[in-house]
Asks: 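Got a structure here, written out as structure tokens. Questions coming.
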Amino acid sequence: MNKNIVLCGVGGQGTVLASKLLAAAAMQHGIPVMSAETIGMAQRGGSVFSNIRLGEGVHSPMIEKGTADLILGFEPGEAVRMLPFLKPGGTVVTNSCAVVPASASLSGFDYRGETMVGYLRKTVQKLVVVDGVTACSALGSPRVLNMVLLGAAVRTGELGLSLEDLLAVLPSQVRPQFVDLNQKALTSDL
Amino acid sequence: MHKEFIMGNAAIAMGALASGVNLVAGYPGTPSSEVLETVAKKRKAGTYVEWSVNEKSAMEVAAGAAYAGARVMVTMKQVGLNVASDPLMSLEYVGVKGGMVVLVADDPGPISSQTEQDTRTFAMFSKLPCFDPSAVAEAYQMVQDAFALSEKYGTPVFLRPTTRVCHAYASIDLKDESEYQVHRPEGFVKDSKRWVIFPRLSFANHAKIELRNDELRAEFASYEGNRITLGANGIRKGVVAGGISYAYVQDAIEKLPAEVRPRLLKIGTPFPFPEPLALEFLEGLDEIMCFEELDPVLERAMNYVVGHNLLKIKVLGKISGNLPRSGENSIDGVLKSLREFTMAPAQECAGTELAPPQLPVRPPVLCAGCPHRASFYAVKRAMAGKKTIFCGDIGCYTLGNAQPLDMCDTCLCMGAGLGIAQGVGHIEPDTECFAFVGDSTFFASAITGVVNAVYNQARMTLVVLDNSTTAMTGHQPHPGTGKTMMGEVVAKISIEQVLKGIGLTVVETVDPLEHAKAVETVKRVAAEPGVKAIIFKSPCIAIVPPHEKHTVDSGKCVKCKRCIKELGCPALYLSSGEVRIDPSLCTGCTLCAQICPTHAIGACHE
């Protein structure tokens with residue numbers, strides 16, 4: 001099984017933990033994993049991404065354009081930004097709620113999540129839209145957006161991994177007091 | 001052996017531990033910081049680790065330990081090497097007893113750096129051997145090879161990964177602790193002919209170094225990090241690559257038709273360059289292309305080999321103008337160039353799709369609730385209408401340059417703001433000169449700048465932004481925090497006392513989140529003669545729990561948008577013309593509430 005996965009969002013949304021969880025789940029099955037992360041200055045509210053590559057015969061941790069099996073957008077505009085990496089017929093799972101940067105508020109640019117989701121609906125056949133704010137408030141914490149989205153991504157079947165795979169490695173990736181909450185978020189289908 | 005999914009920097013740390021490293025010293029800097037942090041986390045009793053005050057200190061501490069026979073590693077980013085270069089350039093001549101690996105992470109792009117300098121070029125300049133890993137697993141192997149080589153030849157050795165190796169993760173085989181080497185340092189043996197650098201010693205050792213490097217050119221030809229992969233039968237084109245570009249080339253070559261696949265030379269030791277292997281690679285080729293980031297180190301070396309051996313082979317790359325001379329490489333870019341080079345048919349382009357909507361730009365910004373925002377804003381208000389210059393420095397607070405704060409007129413390198421403020425002041429005496437410096441940067445390289453200002457009778461205001469951590473690189477401790485990487489709690493070095501010790505008479509400490517008081521303090525201190533200082537003290541929001549979140553009372557809000565226009569806090573945004581506060585970002589710093597003219601912002605009482 002070879003899979004290229006792009007996780008993208010805004011610094012601070014939890015893409016790094018999500019990619020580590022995916023990697024740990026794949027490794028359980030003995031699948032070789034490579035990934036690349038954005039670390040450093042861009043983490044301060046900038047656009048961030050993780051590339052994850054599963055399978056044998058992979059050399060570079062970075063993904064070529066037009067080859068991602070799945071894009072997991074933590075923010076709808078960032079999902080649109082990463083679309084050139086999607087392979088023809090690939091899947092996009094995205095949060096519908098926009099993170100409005102200070103630059104947009106200052107310049108009067110009326111940036112809306114609806115516009116981004118509308119564009120994705122027109123251009124991506126396999127699209128799953130998740131209302132992250134509603135899901136997180138139902139779960140009682142804004143910190144579980146990553147697990148909610150990861151759960152939705154697994155349910156598409158495109159990752160070749162099951163929810164059980166992720167649940168099995170969750171305790172090794174998060175602090176004990178947060179395991180329950182993250183479990184709930186992973187398995188919630190809101 | 002066991003498998004672990006591990007970051008490149010962590011793999012380097014684990015490789016050093018497996019080599020029995022006794023001491024690791026460094027200064028934080030993206031993309032290098034996780035190396036030392038991992039050593040601190042995973043070390044056993046025999047390993048000492050410290051965040052030194054800067055890279056020069058780290059290099060000297062490590063040199064001393066290596067003189068005493070310890071295996072040592074020094075860690076830094078590429079610009080840190082500039083700071084450490086004074087001791088290193090001399091150490092090159094003196095040499096070491098215990099193995100010494102100088103880990104310098106380069107940052108093509110640059111992604112989080114001031115420069116696109118290339119440590120491979122520095123290796124050539126300093127005549128020190130250099131390993132250049134192309135993947136996480138190779139970085140793990142190379143650090144161990146570097147220790148062995150260093151001890152064999154008694155010389156410091158560079159390991160220089162780049163960002164995409166440092167911050168890549170891979171599942172790789174790691175040694176179990178039972179397989180680790182244990183190294184017991186012999187101790188320092190007095191020998192002034194060996195350890196005291198004098199012109200006579202430098203002259204004698206220079207000749208030996210050149211001979212050693214000749215030897216290494218041959219030895220590296222059979223090193224497994226340098227290798228040839230054959231291409232299609234009878235192919236007359238070749239590709240040379242090193243570092244992460246080698247990984248891109250490997251992925252890209254597999255996309256080419258089998259009959260045009262070029263011969264491939266991988267270089268893992270760019271200096272000394274393995275000339276015999278390069279010569280073997282060139283046999284029967286007409287044309288080669290060199291893929292690398294930053295300087296054209298491989299391309300120059302190949303041009304040298306071709307010229308030196310009077311071959312008729314065309315060398316393509318950055319110098320020839322065929323490949324980009326700055327920035328990062330990518331699989332896409334490498335594949336496109338390889339298709340052209342091998343005359344493989346171009347890839348069919350996907351049909352033109354619907355043009356995407358306008359996307360927001362997301363420059364990095366100061367976090368919601370960051371105390372630096374309040375500090376900059378206080379100085380901005382206090383100095384409104386005056387002729388000023390605001391000299392910035394390296395750290396999160398460089399982001400004070402962004403609109404709407406616009407409070408960083410210059411930024412050069414660690415600690416430079418102080419000197420620049422003095423220089424401007426000598427030429428423009430009517431300008432109010434400010435230098436902003438963070439607490440970690442203050443200790444790293446600003447203290448001499450203050451001494452210079454006092455001694456040379458400058459007139460300037462130093463603003464220390466003390467958030468009690470090294471925030472930008474991931475919250476490392478420093479001399480002002482009272483914690484060390486060995487886990488000890490030690491006396492905090494007081495910035496205020498340091499400044500007073502240098503001779504400053506006006507040093508005021510104030511909480512920047514008390515806006516009115518902060519503005520008043522700036523006005524008062526700026527009016528004083530000579531060199532004076534304000535210490536804005538408030539902890540980084542990432543290391544303290546948030547206060548009560550705030551919300552906008554839309555009944556009281558007159559939509560003047562002053563909060564948004566003046567502060568640019570990412571928690572403040574407009575939604576259908578209404579000012580809102582994002583509760584997931586607000587930390588309750590209260591700055592917006594303090595400047596709201598209608599008192600429409602207050603704590604949400606849930």
Side-chain angles (χ1 to χ4, degrees), chain A residues 10-12 19-20 23-24 26-27 30-47 52 57-67 77-78 80-81 83 88 98-111 115-116 118-119 122-123 133 136 142-143 145, chain B residues 3 5 7 30-31 34 111-112 134-136 163-164 166-171 244 246-252 254-255 330-332 335 350 353-354 356-367 396 399 402-404 472-474 561 564-565 568-570 572-575 582-585:
Chain A
V10 177
S19 79
K20 278 192 184 166
M27 277 184 66
I31 302 166
V33 188
M34 272 198 185
S35 77
E37 313 277 1
T38 316
I39 296 171
M41 202 182 233
Q43 281 178 297
R44 308 277 178 269
S47 302
I52 305 173
V58 171
H59 303 290
S60 152
M62 307 288 283
I63 294 174
E64 184 194 345
K65 282 187 182 143
T67 65
E78 295 310 310
V80 172
R81 204 188 300 277
L83 266 192
V99 176
V100 183
S103 64
S105 297
L106 283 169
S107 67
F109 167 33
D110 187 16
Y111 170 59
T115 319
M116 301 296 134
Y119 175 76
K122 279 184 226 154
T123 50
V133 166
C136 287
R143 315 294 310 166
L145 175 69
Chain B
K3 246 195 198 347
F5 183 64
M7 185 196 270
T30 312
E34 298 85 0
I111 302 171
S112 293
S134 63
V136 175
T163 306
R164 300 300 180 194
C166 293
H167 288 164
Y169 281 79
S171 40
I244 193 69
Y246 174 68
Y248 298 152
V249 166
Q250 280 177 297
D251 274 337
E254 286 169 14
K255 306 227 161 187
S330 66
I331 301 189
D332 298 277
L335 183 56
E353 285 177 19
L354 193 58
Q358 185 191 352
L359 292 172
V361 283
R362 294 191 195 276
V365 289
L366 293 171
C367 300
C396 283
L399 301 176
Q403 297 293 345
M472 178 58 96
T473 48
K561 299 178 209 151
I564 290 180
K565 286 188 203 153
C569 173
L572 289 162
Y573 67 103
L574 278 178
S575 176
D582 183 339
S584 71
L585 294 177

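These numbers were taken from a predicted model, which means no experiment stands behind them. Labels below follow one simple rule: chain letters A, B, ... track the order of the sequence lines, proteins then strands, and each chain is numbered from 1.
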Asks: Please flag which part of B:Lys255 lies under 4.5 Å from any non-hydrogen atom of chain A: side chain, backbone, both or neither.
Replies: side chain
Asks: Counting only heavy atoms closer than 4.5 Å, note whether B:Leu335 contacts chain A via side chain, backbone, both or neither.
Replies: side chain
Asks: Would you say B:Ile244 and A:Pro61 make side-chain contact, with heavy atoms under 4.5 Å?
Replies: yes
Asks: Just give me the residue among B:Leu574, B:Leu359, B:Ile564 that pairs up with chain A most often, heavy atom to heavy atom, under 4.5 Å.
Replies: B:Leu359
Asks: Side chain to side chain contact (heavy atoms under 4.5 Å, CB included), that's the test. Do A:Ser105 and A:Val100 meet it? Break it down for me.
Replies: CA-CA 7 Å; A:Ser105 297; A:Val100 183; 3.8 Å; yes
Asks: Flag the one option from A:Val58, A:Val99, A:Ile31 with the top tally of heavy-atom pairs under 4.5 Å to chain B.
Replies: A:Val99
Asks: Side chain from CB out, backbone as N, CA, C, O: work out which of these in B:Glu34 comes under 4.5 Å of a heavy atom of chain A, or both, or neither.
Replies: side chain
Asks: Heavy-atom distance under 4.5 Å between the side chains of B:Pro364 and B:Leu399, does that happen here?
Replies: yes
Asks: Go through the structure and list residues passing side-chain contact (heavy atoms from CB on, under 4.5 Å) with A:Ser60, not counting sequence neighbours.
Replies: A:Arg53, A:Met62, B:Ala247, B:Tyr248, B:Asp251, B:Ile331
Asks: Of the backbone (N, CA, C, O) and the side chain (C-beta and beyond), which part of A:Ser35 lies under 4.5 Å from a heavy atom of chain B, both, or neither?
Replies: both
Asks: Which bit of A:Val133 is near chain B, if near means a heavy-atom gap under 4.5 Å: side chain, backbone, both or neither?
Replies: neither
Asks: For chain B, find which of A:Ser107, A:Pro101, A:Pro142, A:Ala102 contributes the most heavy-atom pairs closer than 4.5 angstrom.
Replies: A:Pro101
Asks: Before you tell me yes or no, could you show the steps for B:Tyr246 and A:His59 under side chain to side chain contact (heavy atoms under 4.5 Å, CB included), namely the whole-Å CA-CA distance, both residues' side-chain angles and the distance that decides it to 0.1 Å?
Replies: CA-CA 9 Å; B:Tyr246 174 68; A:His59 303 290; over 6 Å; no
Asks: Counting C-beta onward and ignoring hydrogens, is there a side-chain heavy-atom pair between A:Glu78 and B:Arg362 closer than 4.5 Å?
Replies: yes
Asks: Using modelled atom types and a 3.5 Å cut-off, is there a donor and acceptor pairing between side-chain atoms of B:Arg164 and backbone atoms of B:Ser330?
Replies: no
Asks: So for A:Lys122, is it side chain, backbone, both, or neither that comes closer than 4.5 Å to the heavy atoms of chain B?
Replies: side chain
Asks: Tell me, side chain or backbone of B:Cys396 under 4.5 Å from chain A's heavy atoms, or both, or neither?
Replies: side chain
Asks: When only pairs under 4.5 Å are counted, which of B:Pro570, B:Pro404, B:Cys367 shares the most heavy-atom pairs with chain A?
Replies: B:Pro404
Asks: Check ring pair (Phe, Tyr, Trp, His ring centres under 6.0 Å) between B:Phe5 and all other residues, then give those that pass, not counting sequence neighbours.
Replies: B:Tyr169
Asks: Which residue out of B:Ser584, B:Pro357, B:Ser134, B:Pro583 racks up the most heavy-atom pairs below 4.5 Å with chain A?
Replies: B:Pro357
